[in-house]
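In this text the structure is predicted, and so the values were computed from the model without any measurement. Naming convention: chains lettered A, B, ... in sequence-line order (proteins, then strands); numbering from 1 in each chain.
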Amino acid sequence: AQSVTQLDSQVPVFEEAPVELRCNYSSSVSVYLFWYVQYPNQGLQLLLKYLSGSTLVESINGFEAEFNKSQTSFHLRKPSVHISDTAEYFCAVSEVQGAQKLVFGQGTRLTINP
Amino acid sequence: GAGVSQTPSNKVTEKGKYVELRCDPISGHTALYWYRQSLGQGPEFLIYFQGTGAADDSGLPNDRFFAVRPEGSVSTLKIQRTERGDSAVYLCASSPRVGSYNEQFFGPGTRLTVL
């Protein structure tokens, strides 16, 4: 079985400041890693994913995450946030084989202050 | 093209009643997942269909919950004798299952409130 821990339930930052949302996972088998975003009053959207290869993955809107196998982490970072990044962010894992059902963390609410 | 749709968007019911929640996946997607998101929590897996069959129902909390997908497309999640603890947003996702990795596309969810 897998589990995901998001260490911060809420993260307030000022606009244009850097941010890091932390995620640690536990699994006895190989997993894929994901960050999903849920904007206010919208559904879950895939932000970025790690499947294999380069441990640093990027999204189209400036977020990046780095897979660290030894620390079992997949932290999400952005060097300069915008008001429009205000959302709930979920880290998730799925087994590489089988149903690939997603196991989510509890979420981190990112609030951007002007 | 059209994304995953779920109906109704909101459902209010009384304790003990029966409810059905519907999911229309993206056309051609053979895999369909149901998740439940309680307030302040991340989504939790309920059940996975590959085609018409439930390939993994390990997340269903008890026998009051049941889901079907009779023609391999639309799926219905059925909850009998609803309890206040069933109140949550129920999410549906579909994926094409054509390779080693298959992105899941989520619907907007059905918010169920049990009074």
Side-chain angles (χ1 to χ4, degrees), chain A residues 1-10 21-25 27 29-53 57 59 67 74 76 87-110, chain B residues 2-7 9-10 21 23-26 29-51 53-60 67 69 88-111:
Chain A
Q2 296 82 46
S3 67
V4 176
T5 302
Q6 291 183 244
L7 298 165
D8 306 294
S9 60
Q10 296 186 60
L21 307 184
R22 295 178 292 170
C23 172
N24 287 88
Y25 72 95
S27 178
V29 298
S30 296
V31 293
Y32 296 138
L33 296 135
F34 309 89
W35 278 97
Y36 280 82
V37 59
Q38 191 169 35
Y39 297 106
N41 301 313
Q42 295 187 30
L44 275 170
Q45 301 174 36
L46 180 64
L47 183 62
L48 48 74
K49 63 184 181 286
Y50 172 78
L51 306 181
S52 64
V57 291
S59 72
F67 169 52
F74 191 55
L76 181 70
E88 185 106 25
Y89 291 80
F90 294 94
C91 182
V93 301
S94 75
E95 290 183 357
V96 171
Q97 302 296 327
Q100 296 187 353
K101 57 193 178 189
L102 292 162
V103 176
F104 288 88
Q106 291 189 309
T108 298
R109 184 171 299 277
L110 178 62
Chain B
V4 178
S5 63
Q6 294 185 246
T7 54
S9 56
N10 280 284
L21 312 179
C23 172
D24 279 89
I26 293 171
H29 281 192
T30 59
L32 185 146
Y33 303 79
W34 284 98
Y35 295 85
R36 178 169 73 172
Q37 186 174 14
S38 300
L39 192 63
Q41 303 293 318
E44 293 179 306
F45 168 78
L46 296 176
I47 187 169
Y48 158 64
F49 287 90
Q50 180 56 41
D56 185 342
D57 65 358
S58 62
L60 294 178
R69 195 185 185 200
V89 176
Y90 289 81
L91 299 170
C92 176
S94 70
S95 77
R97 295 297 287 191
V98 295
S100 58
Y101 164 69
N102 294 272
E103 181 177 344
Q104 293 181 34
F105 296 85
F106 283 83
T110 293
R111 183 177 298 278

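Counting heavy atoms from C-beta outward, A/F34 and B/Q104 have side chains that stay 4.5 Å or more apart. In this structure the side chain of B/Y101 reaches within 4.5 angstrom of the side chain of A/K49, judged on heavy atoms.
Taking a 6.0 Å sphere around CD of B/Q41, one finds it holds more than 12 heavy atoms contributed by other residues, nucleotides or ligands.
For B/S9, no part sits under 4.5 Å from any heavy atom of chain A, backbone or side chain. At a 4.5 Å heavy-atom cutoff, A/Q45 makes no contact with chain B through either its backbone or its side chain. Proximity to chain B is limited to the backbone of A/V96, based on heavy atoms less than 4.5 angstrom apart. Residue B/F105 does not touch chain A at all, counting heavy-atom pairs closer than 4.5 Å.
With rounding to the nearest 0.5 angstrom, the CD atom of A/Q38 is 5.0 Å from the CD atom of B/Q37.
Nearest heavy atoms, A/F104 versus B/P43: CD1-O, 3.3 Å. Between A/L102 and B/F45, the shortest heavy-atom distance links the atoms O-CB, 4.2 Å.
Between chain B and the options A/G43, A/S9, A/A99, heavy-atom pairs under 4.5 Å are most frequent for A/A99. Of the listed residues (A/V4, A/V103, A/L44), the greatest number of heavy-atom pairs within a distance under 4.5 Å of chain B belongs to A/L44.
With hydrogens and angles disregarded, no donor-acceptor distance shorter than 3.5 Å links the side chain of B/Y48 to the backbone of A/Q100.
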